[in-house]
Each structure stands twice: as C-alpha cells, then as structure tokens.
Amino acid sequence: MRSYRDLFRTPEFTPFFLAASAQTVAQTMGGLALGTLVYRATGSPLLSAVSMFGSSLVQVLGATFLLSAADRLPPRAALTVLPLLFAAATAALALPGLPVGWLFAIVLAKGLVESVGGGVRWGLLNEILSKDGYLLGRSVFNMMSGVMQIAGYATGGALVALLSPRSALLAAAALYAVAAVVVRLGLTRRPPRATGRPSVAATWRANALLWSSPTRRQVYLALWIPNGLVVGCESLFVSYAPDSAGTLFACAALGMLAGDVLVGRVLPPHLRPRLGFPLLLLLAVPYVPFLLHPALPLAAAAVTVASVGFGASLVQQERLVALTPDELSGHALGLHSAGMLTMQGVAAALAGSLAQLTSPARAMTMMAVGSAGVTLLLMGAARREKVRRVSCETGSGG
C-alpha cells in the first residue's frame with residue numbers, strides 16, 4: 001500500500017476513519033471544557049490538569065486486568081458500545097452542581113473503559129490494512145487526530161467562551177453518539193482475533209510474553225515515557241495561559257500533524273528508524289525556555305515545533321508491529337495505548353503538582369528536561385543492545 005488514495009479505496013477504512021474523527025473531536029472538546037470548568041471552580045492547576053488527563057491514570061489497571069478483551073471481543077460491537085458509554089459519561093459531567101469528587105470518579109471510570117478501546121481499534125486497523133499498510137494508515141489517523149484536535153479545541157474554545165463549558169460537554173457527548181452510529185452502519189461483523197474468554201490470567205500471560213523481549217521493552221518505554229512527560233507540559237496550558245489555552249492546544253495539534261506527514265509520507269523507509277530518538281529530543285527541547293515565560297506568539301511557535309516530534313511514535317509503532325505475532329497485535333497495540341495514556345495521566349498529575357509548588361512555566365521546563373534526559377538514556381540502552389546483538393551474531397558465526 002503506497003498512497004493515501006489506496007487507503008480510502010480499502011473497504012471499511014472510510015467509515016472507520018470517520019468514526020474515529022468524530023470521537024477525537026469529542027474527546028478534545030470535552031477535555032478542554034472539563035479542564036476549564038474545574039479551573040474556574042477551584043483555581044487549581046493540579047486539579048485542572050488531572051481533570052483533563054486523569055482518565056489516563058487508570059489505563060494501567062485496564063492493561064493489567066482487562067486488555068485480553070482487545071483480541072477477544074467482536075470489533076464492531078465493541079467499537080459501537082464504547083462511544084455510547086463515553087457519550088453517557090460526558091453528558092453526566094455536564095450536570096449542574098456535580099461535586100468534584102463525583103466528577104473525578106466519572107473521569108476515572110471512563111479511562112478504565114478506554115484502556116480496552118485502544119487495543120480493539122488499532123488491532124482492527126491492522127486487520128483492515130494488514131501489516132504492510134499499518135504505518136501509512138496509522139499516520140493518516142495521527143494526521144486526522146491533529147486536524148480534529150485543532151477543530152475540537154477551536155470549537156470547544158468558542159463554545160466555552162460564547163456559551164459555557166457545560167454546553168461544550170454536551171456537544172462532545174453528541175459527537176460520541178454519532179461515532180457509534182457510523183461504526184454500527186459502516187463496519188461489517190468480524191469474529192474476535194483470538195479465541196477464549198477475556199480474563200485476568202490471559203491478560204497477564206500476554207503481557208508477560210510481550211514484555212519478555214528486551215527489544216520490545218525498549219520500544220514500549222520509548223513510546224510511553226518521553227512523550228508522556230511532554231504531555232505533562234501540555235496539561236498546564238490552561239493554567240499557563242488561561243485565556244489562550246485553546247490556541248496553544250491547536251498549535252500542538254498542528255505540529256503533530258506536520259510530524260505525522262513528515263514520517264508517514266516524506267521520509268524514505270530506510271531513514272525512518274534513524275530519526276526516532278532525534279524526534280523525541282525535538283519533542284522536549286522547545287519547552288525548556290518556558291522557564292522565561294515567553295509571550296504567546298513565541299510560546300505558540302515553540303509548541304508547534306516541539307509537537308513535530310510526536311512523529312517519533314510512528315517509527316516506534318512500526319517497529320512494535322514488526323516484532324509482534326499477528327494473534328497478539330491488538331493486545332500489543334492496546335498495551336502501547338494504555339501505557340502511553342497512563343504515563344500521560346501520571347505526567348499531568350506530576351506537572352500539576354510541580355506547578356502548585358513553583359509555577360506552570362517552571363513546571364513545564366522541568367518536565368521537558370526530564371523528557372530529554374529519558375530519551376538520552378534510551379538512546380544509550382539501544383546502542384548497547386545493538387552492540388551486544390552484533391557481538392553475539394559474530395561469536396556464533398565464528
């Protein structure tokens with residue numbers, strides 16, 4: 001599969017893509033509205049950040065106990081029911097007078113359900129396109145995510161400014177319902193990818209198998225930690241620039257779109273693997289000067305450039321798919337998604353805590369320095385693993 005045109009000629013790809021687009025807009029609108037609602041009510045950078053990204057914190061529980069369902073549920077049924085549950089949860093968040101404790105309980109319950117959804121979704125994409133088309137297809141989804149995030153943050157910001165955060169939450173709930181309808185009408189029934197009932201034991205066995213490979217472990221860590229720490233920077237946009245957070249989020253989405261085009265279409269295949277770590281460094285370095293609290297135009301430019309580095313995840317996902325047996329593809333990609341979102345939630349909580357103790361600008365710089373440091377450590381580990389592997393091959397050949 002060589003072109004975007006080929007993707008959209010593939011049966012089922014278009015409705016799958018449209019449903020995911022509606023869900024992405026709903027998620028970004030809802031997140032911005034919820035973060036604004038909580039910040040207005042509490043004045044707390046920590047609570048605002050956790051409200052936007054807190055659902056990610058419980059992804060680790062889903063990855064530990066529920067992820068075997070990703071390959072053992074019928075994909076169409078699962079991807080129809082999940083957006084309906086998200087619609088109900090988002091509408092509940094808009095209830096007037098809802099205590100903050102109940103709000104966070106809904107957010108965390110939503111995150112637990114989301115931990116299975118990522119595995120189902122990306123496992124199905126791997127079925128629709130096959131492994132040779134996965135990277136191109138995922139790049140289109142990432143580009144769509146960038147465009148839809150821009151649209152979601154712009155629309156959500158307008159609704160928050162002109163109406164209220166609760167109005168934006170209700171609009172997001174309606175979009176989740178639209179996504180469910182598109183999936184139900186546009187996809188065909190498929191059997192689960194794996195046999196047997198979902199269980200905790202099956203989840204643990206698959207996780208242990210995936211984690212047993214040193215190479216896969218390094219890929220997972222590169223997918224989870226550096227960009228998770230940078231999402232911690234993003235979680236402070238509302239407290240850093242309360243009146244312009246939507247602009248910063250939209251710039252981040254624009255940069256991510258550019259990075260996905262670069263990796264998915266511009267870079268030749270032989271060059272992509274070499275740029276995984278440099279792109280991760282690019283993701284972190286532009287946030288370091290936020291210590292100086294740059295004006296909005298400079299901050300927006302830095303955020304845009306940094307977010308190009310999110311293209312590194314495409315390189316690492318391609319590597320992960322190549323290292324994973326077909327019958328575990330949904331589980332492996334679900335583990336990536338759950339781990340990534342968990343790290344984002346942890347980073348948002350950490351960034352919010354640092355902002356409470358110092359300031360949002362200083363916290364963003366500290367998170368960026370931490371991300372760059374982890375990337376350098378992973379680069380060193382990958383280099384040592386490569387040397388060890390070459391030494392073993394040379395020894396066995398001799």
Side-chain angles (χ1 to χ4, degrees), residues 4 7-8 10-35 52-53 55-56 70 73-94 106-107 110-111 113-125 127-129 137-160 163 165-190 246 249-250 252-254 256-257 260 333-334 337 341:
Y4 295 137
L7 289 176
F8 287 96
T10 303
E12 298 185 86
F13 182 83
T14 298
F16 186 57
F17 177 84
L18 292 175
S21 299
Q23 200 162 323
T24 300
V25 175
Q27 185 175 6
T28 52
M29 284 177 59
L32 177 60
L34 185 60
M52 293 184 69
F53 296 93
S55 64
S56 303
L73 291 176
R76 187 180 70 171
L79 294 179
T80 300
V81 171
L82 291 175
L84 292 176
L85 293 176
F86 299 157
T90 304
L93 292 171
I106 294 172
V107 168
K110 182 172 176 284
V113 176
E114 284 175 337
S115 65
V116 177
V120 176
R121 181 179 302 110
W122 304 127
L124 179 58
L125 179 64
E127 280 189 71
I128 292 173
L129 298 181
R138 189 62 192 264
S139 74
V140 169
F141 269 81
N142 285 5
M143 287 187 284
M144 171 275 292
S145 180
V147 173
M148 293 301 107
Q149 283 182 34
I150 294 171
Y153 286 126
T155 305
L159 288 174
V160 167
L163 298 175
R166 289 188 172 86
S167 298
L169 285 168
L170 292 175
L175 281 173
Y176 277 124
V178 169
V181 172
V182 173
V183 168
R184 181 63 181 80
L185 298 179
L187 299 184
T188 59
R189 291 185 62 183
R190 291 171 179 262
F249 278 118
L254 178 63
M256 185 173 68
L257 171 63
D260 290 327
L333 294 167
S337 179
L341 291 171

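All heavy atoms count here, side chains included; hydrogens, waters and symmetry mates do not.
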| message | Run T24 and F141 through side chain to side chain contact (heavy atoms under 4.5 Å, CB included) and show every step you take. | response | CA-CA 10 Å; T24 300; F141 269 81; over 6 Å; no

| field | Min side-chain heavy-atom separation T155-L159 under 4.5 Å | value | yes

| So, for G156 and L32, which heavy atoms are closest and what is the spacing to 0.1 Å? | C-CD2, 4.1 Å

| Rounded distance [0.5 Å steps], CG in L85 versus OG1 in T80 | 11.0 Å

| note | Looking only at heavy atoms, the pair that brings L187 and P15 closest together is CD2-CG, 4.3 Å

| request: For the pair V107 and L93, evaluate side chain to side chain contact (heavy atoms under 4.5 Å, CB included) and give the outcome as yes or no after the intermediate values. | output: CA-CA 8 Å; V107 168; L93 292 171; 4.2 Å; yes

| message | Assess the residue pair R121 and V183 against the criterion (side chain to side chain contact (heavy atoms under 4.5 Å, CB included)); give the C-alpha distance rounded to whole Å, side-chain angles, the decisive distance to 0.1 Å, and a yes or no. | response | CA-CA 11 Å; R121 181 179 302 110; V183 168; over 6 Å; no

| request: Indicate yes or no: at least one non-hydrogen side-chain atom of R190 is less than 4.5 angstrom from one of I128. | output: yes

| field | Nearest non-hydrogen partners of G186 and E12, listed with the distance | value | O-CG, 4.4 Å

| field | Verdict with reasoning, F249 to T28, per side chain to side chain contact (heavy atoms under 4.5 Å, CB included) | value | CA-CA 9 Å; F249 278 118; T28 52; over 6 Å; no

| query | Counting distance only, does the side-chain N/O of R76 pair as donor-acceptor with the main-chain N or O of T188 below 3.5 Å? | reply | no

| request: Can you see which heavy atom on A171 is nearest to which on M29, and at what distance? | output: CB-CE, 3.5 Å

| remark: In terms of heavy-atom contacts, A168 and V160 come closest through CB-CG2, 4.2 Å

| query | So which heavy atom on P83 is nearest to which on A78, and how close? | reply | CD-O, 4.4 Å

| Interatomic distance, Q27 atom CD to T90 atom OG1 [nearest 0.5 angstrom] | 9.0 Å

| field | Distance, nearest 0.5 Å, that separates CD of Q23 from CG of L79 | value | 8.0 Å

